[in-house]
Peer 1: 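Mind having a look at this structure? Questions to follow.
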Amino acid sequence: DGNGVYMLDQKSMKLSKPDFLPSALNSVVAEIFVDSKGIIWFGTYREGFVRFDAVRRTVKQFIHKRGDASSLGGNNVWSFCEDTQGNLYVGTMGAGLHIMDPQTHKLKRFVHNPNDLTSLCNNDIFRLTLDFDGRVWVGTRNGLTLYDPESEAFKRYDKSGIYGSWIYDIFLDKANT
């Protein structure tokens with residue numbers, strides 16, 4: 001288990017645990033993401049994810065709620081990205097891809113279906129990256145998938161040319177490739 005989130009006082013150069021963050025952030029924090037509005041998102045191992053507005057000092061935790069289809073599908077959150085409309089993409093380990101509406105905070109979930117080649121290639125998501133065309137590249141435990149938000153369609157990429165199937169990170173060059 002991890003020790004969570006610490007803050008660095010740049011004057012004294014001392015680390016301290018912030019007392020205004022929830023106990024979920026005393027665990028393993030797998031990802032920290034700052035969106036276009038300056039909101040800080042923390043993805044955790046087994047505690048869902050946390051939204052922190054540093055200006056207003058407000059905190060909200062998002063976790064799986066049994067029977068609630070608009071809640072998080074699982075509590076292991078490993079990756080975030082944001083599109084130009086402000087939608088937050090949330091990648092989980094074991095529960096697929098979620099897209100959060102910026103107004104309602106409702107989540108839409110997409111999962112792997114072994115019988116559907118136009119679904120995610122795996123539900124374990126390591127990395128999400130927005131490209132210059134507004135599409136989301138999804139690195140998983142079983143290859144690479146491209147999500148087009150306009151059509152809500154997924155395209156799986158053949159493993160040929162990819163060493164192994166675990167995609168931990170995705171980088172785009174200036175040519176958007």
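Sequential numbering from 1 along the given sequence is applied to the chain's residues.
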Peer 1: Looking at D35 and I39, would you say the former's side chain and the latter's main chain have a donor-acceptor pair under 3.5 Å?
Peer 2: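 Judged by distance alone, yes, a pair lies under 3.5 Å.
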Peer 1: Would you say W78 has more than 12 foreign heavy atoms packed within less than 6.0 Å of its CH2?
Peer 2: no
Peer 1: Verify, without hydrogens or angle tests, whether T140 (side chain) and L144 (backbone) share a donor-acceptor contact under 3.5 angstrom.
Peer 2: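 Between the backbone of L144 and the side chain of T140 there is no qualifying donor-acceptor contact (under 3.5 Å).
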Peer 1: Output the distance between atom NZ (K65) and atom OG (S70), rounded to the nearest 0.5 Å.
Peer 2: 7.5 Å
Peer 1: Can you list the steps and then say if H105 with R51 is a side chain to side chain contact (heavy atoms under 4.5 Å, CB included)?
Peer 2: CA-CA 10 Å; H105 290 174; R51 177 189 189 275; 3.8 Å; yes
Peer 1: If you apply the rule side chain to side chain contact (heavy atoms under 4.5 Å, CB included), what do you find for L88 with I99, and how did you get there?
Peer 2: CA-CA 6 Å; L88 184 72; I99 303 173; over 6 Å; no
Peer 1: Any side-chain heavy atom of M93 sitting closer than 4.5 Å to one from I125?
Peer 2: no
Peer 1: Determine, for E150 against R135, whether the closest basic-nitrogen to carboxylate-oxygen distance falls under 4.0 angstrom.
Peer 2: no
Peer 1: If we ignore hydrogens and angles and just use 3.5 Å, is the side chain of H64 paired with the main-chain N or O of L72 as donor and acceptor?
Peer 2: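 A pair under 3.5 Å: yes.
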Peer 1: What are the two closest heavy atoms between Q85 and P102, and how far apart are they?
Peer 2: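 Looking at all heavy atoms of both residues, the shortest contact is O-CG, 3.9 Å.
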Peer 1: Does F110 belong to the same Ile/Leu/Val/Met/Phe/Trp/Tyr cluster as L130, with side-chain heavy atoms less than 4.5 Å apart forming each link?
Peer 2: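 F110 clusters together with L130.
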Peer 1: Side-chain heavy atoms nearer than 4.5 Å, only ILVMFWY residues, links allowed to pass through others: does that put I40 and V55 together?
Peer 2: no
Peer 1: Among the clusters formed by ILVMFWY side chains lying less than 4.5 Å apart, do Y89 and V34 turn up in the same one?
Peer 2: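 Not linked; separate clusters.
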Peer 1: So, E31 and R127, do they make that salt bridge, N to O below 4.0 Å?
Peer 2: yes
Peer 1: Any sub-3.5 Å donor-acceptor pair from D101's side-chain atoms to K106's backbone N or O?
Peer 2: no
Peer 1: With rounding to the nearest 0.5 angstrom, report the CZ to CZ distance, F49 to F33.
Peer 2: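 One gets 12.0 Å once the value is rounded to the nearest 0.5 Å.
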Peer 1: Of the non-hydrogen atoms in G94 and D124, which two are nearest, and what is the gap between them?
Peer 2: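 So the minimum-distance heavy-atom pair works out to N-OD1, 2.6 Å.
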Peer 1: Are V29 and W41 joined in one hydrophobic group, where the rule is that I, L, V, M, F, W and Y side chains link up if heavy atoms are under 4.5 Å apart?
Peer 2: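 Different hydrophobic clusters.
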Peer 1: How many angstroms lie between atom CG of N76 and atom CG of N123, to the nearest 0.5 angstrom?
Peer 2: 12.5 Å
Peer 1: Return the minimal non-hydrogen interatomic distance between G73 and A95, and the atom names on each side.
Peer 2: C-CB, 3.5 Å
Peer 1: Where do D9 and K11 land on the salt bridge (charged side-chain N to carboxylate O under 4.0 Å, His left out) test, with the steps shown first?
Peer 2: CA-CA 6 Å; D9 181 318; K11 290 180 183 174; over 6 Å; no
Peer 1: Set out, in order, the CA-CA distance, both residues' side-chain angles and the distance that settles side chain to side chain donor-acceptor pair (under 3.5 Å) for S119 and R156, then state yes or no.
Peer 2: CA-CA 8 Å; S119 71; R156 295 182 190 178; 2.9 Å; yes
Peer 1: Measure the OH-CG distance between Y147 and D83 for me, rounded to the nearest 0.5 Å.
Peer 2: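 Answer for the OH-CG pair, Y147 versus D83, is 9.0 Å.
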Peer 1: State, to 0.1 Å, how close R141 and N122 come at their nearest heavy-atom pair, and which atoms those are.
Peer 2: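 Closest approach of R141 to N122: CB-OD1, 3.6 Å.
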Peer 1: Would you please test V77 and F42 for side chain to side chain contact (heavy atoms under 4.5 Å, CB included) and show each step?
Peer 2: CA-CA 8 Å; V77 176; F42 298 92; over 6 Å; no
Peer 1: Could you give me the CA-CA distance, side-chain angles and deciding distance for L128 and V138, then say whether side chain to side chain contact (heavy atoms under 4.5 Å, CB included) is met?
Peer 2: CA-CA 5 Å; L128 298 170; V138 183; 3.8 Å; yes
Peer 1: Please say which of L117, L146, V136, L97 ends up in a side chain to side chain contact (heavy atoms under 4.5 Å, CB included) with F154.
Peer 2: L97
Peer 1: Examine Y6 and V50 and state if one hydrophobic cluster contains both, with Ile, Leu, Val, Met, Phe, Trp and Tyr joined whenever side-chain heavy atoms are less than 4.5 Å apart.
Peer 2: no
Peer 1: Measure the CD1-CG distance between I170 and L172 for me, rounded to the nearest 0.5 Å.
Peer 2: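 So the CD1 of I170 and the CG of L172 are separated by 8.0 Å.
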Peer 1: Can you give me the closest heavy-atom contact between G134 and P149, atom names plus distance?
Peer 2: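 Of all heavy-atom pairs spanning G134 and P149, the closest is O-CG, 3.2 Å.
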Peer 1: Roughly how far apart are I63 CD1 and D68 CG, rounded to 0.5 Å?
Peer 2: 10.5 Å
Peer 1: State whether the side chain of H112 and the backbone N or O of L120 hold a donor-acceptor pair below 3.5 Å, judged by distance alone.
Peer 2: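 Judged by distance alone, yes, a pair lies under 3.5 Å.
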Peer 1: Using the rule given for ring pair (Phe, Tyr, Trp, His ring centres under 6.0 Å), can you reason through W166 versus F126, listing the C-alpha separation, both sets of side-chain angles and the distance that settles it, and then say yes or no?
Peer 2: CA-CA 8 Å; W166 293 31; F126 295 121; 5.6 Å; yes
